[in-house]
Amino acid sequence: MVSDLFDDPAAAGERNQYQPLAAALRPELPEQLVGQAHILKKGSALRSALEQGTLHSMLFWGPPGVGKTTLARMLCDRASAKLISLSAVTDGVKAIREAVALAQSEKQHGRQAVLFVDEVHRFNKAQQDAFLPFVEDGTLFLLGATTENPAFELNTALLSRVRVYRLEPLSAVDLRQIIARGAMYVGLELSDDQQGKIAAIADGDARRALNLVELAANADCDDGHLSEDAFDSLLTGAPKRFDKGGDQFYDQISALHKAVRGSSPDAALYWYCRMLDGGCDALYVARRVVRMASEDIGNAD
């Protein structure tokens, strides 16, 4: 591309910088958010915070790709607050102290500061205690994101100072809306059937759905149309949402157990196949089935 003599090189670099589709389509306004109606309905505390630009310390708990980081960024933008981001995977006490010092500087200049901690459950007790006093005295607001049950992973003292919002996996209807928007953005034509397949594979995860749309757009397309064979090859080998020893693991084995107890063979087979498809150890499932047989059916039967 020929650049204009008066173009700002920095601005041109920003325009040419690659952004994943999920980042490019990240909602910036409350009305652009899809899903999570149970915590974003009119009159709710979170919706009021977004609309009025007010802040309180909060924790977003939910699976990947449901809007935890998006909500945190949006809250900061609406409140015109300084966003300080940490990752509990890579940062430690030193980074927390630096973040607190920055927040104190912002407070001295009359500005609000928000500490956003991704995967906050990975911080140990000492790391969580490091920013606890500054949440309590108003130096900063804490916005945390976690995929694990905070009741088991976070200090009681910290939990008492934040409001927990439980985010749910996005529904198929929500995902279809996001998929359609992503396809339009990249100039890709997707049939209803193809959108449905992407929604099923994405399994409640908007980021995953948009990544699949982007992969489809980058494949060999005929004027924005992707053949069924080419489309199906993109979805081959994509596992369902699953984790090892986390909330999803126990939620799914519990669903399997309840399906057997409730005499629902279709549901039992669904959760059985779902766990194996996600990578669960088949021997673990076999041991649980033996327990179900003895506890819920009875050895005599």
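Values in this document were obtained by computation on a predicted structure and should not be read as measured data.
- To the nearest 0.5 Å, atoms OG1 (Thr156) and CG (Leu159) are separated by 6.5 Å.
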Take His121 and Thr147, measure what side chain to side chain contact (heavy atoms under 4.5 Å, CB included) needs, and give me the verdict at the end. CA-CA 8 Å; His121 63 275; Thr147 56; 3.7 Å; yes
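- Between Leu170 and Gly65, the shortest heavy-atom distance links the atoms CD1-O, 4.1 Å.
- Contact record, Pro30 with Leu50: CG-CB, 4.1 Å, taken as the closest heavy-atom pair.
- Contact annotation: the side chain of Phe231 approaches that of Ile198 to within less than 4.5 Å [non-hydrogen atoms, C-beta and beyond].
- Here the closest heavy-atom approach between residue Ala81 and residue Leu55 is recorded as CB-CD1, 3.9 Å.
- A pairwise comparison of heavy atoms in Leu75 and Met58 identifies CD1-SD, 3.5 Å as the closest pair.
- Within 6.0 Å of CD in Glu28 there are 12 or fewer heavy atoms belonging to other residues, nucleotides or ligands.
- The pair Asp129-Lys125 meets the salt-bridge criterion, since a charged nitrogen lies less than 4.0 angstrom from a carboxylate oxygen.
- Side-chain atoms of Leu167 and Leu71, non-hydrogen and from C-beta on, do get closer than 4.5 Å to each other.
- Here Arg207 contributes atom CZ and Arg26 contributes atom CZ; the two are 7.0 Å apart, rounded to the nearest 0.5 Å.
- Taking every heavy atom of both residues into account, Leu142 and Ser57 meet most closely at N-OG, 3.1 Å.
- Here the CG atom belonging to Asp137 is positioned 5.0 Å from the NZ atom belonging to Lys107, to the nearest 0.5 angstrom.
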Test side-chain hydrogen bond (donor to acceptor under 3.5 Å, both in side chains) on Tyr284 and Arg288 and set out the steps. CA-CA 6 Å; Tyr284 172 82; Arg288 289 301 295 252; 3.1 Å; yes
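- There is a path of hydrophobic side-chain contacts, each under 4.5 Å, that joins Val289 to Trp271.
- Side-chain contact between Pro64 and Asp205 is present, with at least one heavy-atom pair separated by less than 4.5 Å.
- Between the side chain of His38 and the backbone N or O of Arg166 there is at least one donor-acceptor pair closer than 3.5 Å.
- Within a 6.0 Å radius of CZ in Arg176, other residues, nucleotides and ligands contribute more than 12 heavy atoms.
- A chain of hydrophobic side-chain contacts below 4.5 Å, direct or via other Ile, Leu, Val, Met, Phe, Trp or Tyr residues, connects Tyr270 to Ile253.
- Annotation: Lys82, atom NZ; neighbour count of heavy atoms from other residues, nucleotides and ligands within 6.0 Å does not exceed 12.
- Expressed to the nearest 0.5 Å, how far CD1 of Ile84 lies from CG of Leu143 amounts to 11.0 Å.
- The 12-atom threshold is exceeded at CZ of Arg111, counting heavy atoms of other residues, nucleotides or ligands nearer than 6.0 Å.
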Run the side chain to side chain contact (heavy atoms under 4.5 Å, CB included) check on Ile96 and Phe134 step by step: do they pass? CA-CA 11 Å; Ile96 295 173; Phe134 306 102; over 6 Å; no
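- A donor-acceptor pair under 3.5 Å is formed between the side chain of Arg208 and the backbone N or O of Ile201.
- Counted within 6.0 Å of CZ on Phe141, heavy atoms from surrounding residues, nucleotides or ligands total more than 12; the atom is thus considered enclosed.
- A side-chain donor-acceptor contact under 3.5 Å links Gln128 to the backbone of Phe123.
- Put simply, the side chain of Thr69 reaches to within 4.5 Å of the side chain of Phe116, judged on heavy atoms.
- In this structure, Glu119 CD and Asp91 CG are separated by 12.5 Å, a value rounded to the nearest 0.5 Å.
- Annotation: the span from Ile178 atom CD1 to Arg181 atom CZ amounts to 8.5 Å, rounded to 0.5 Å.
- Without hydrogens or angle criteria, Asn155 side chain to Ala157 main chain gives no donor-acceptor distance under 3.5 Å.
- Contact of the Lys197 side chain with the Asp193 side chain is registered, since non-hydrogen atoms from C-beta on lie closer than 4.5 Å.
- Linking Ile, Leu, Val, Met, Phe, Trp and Tyr residues whenever their side-chain heavy atoms come within less than 4.5 Å places Leu276 and Leu256 in a single cluster.
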Please walk me through it: do Phe131 and Leu158 pass side chain to side chain contact (heavy atoms under 4.5 Å, CB included)? CA-CA 9 Å; Phe131 53 74; Leu158 180 59; 3.9 Å; yes
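- Although no hydrogens or angles enter the test, the distance criterion places a donor-acceptor pair under 3.5 Å between the side chain of Arg47 and the main chain of Leu40.
- In terms of heavy-atom proximity, Ser263 sits nearest to Pro265 at O-CD, 3.4 Å.
- Here the side chains of Met275 and Asp281 are not in contact, with every heavy-atom distance at 4.5 Å or above.
- Although no hydrogens or angles enter the test, the distance criterion places no donor-acceptor pair under 3.5 Å between the side chain of Lys68 and the main chain of Leu59.
- Of the possible polar contacts, one joining the Glu214 side chain to the Leu21 backbone as a donor-acceptor pair under 3.5 Å is found.
- At least one donor-acceptor pair closer than 3.5 Å links the side chain of Gln127 to the backbone N or O of Asn124.
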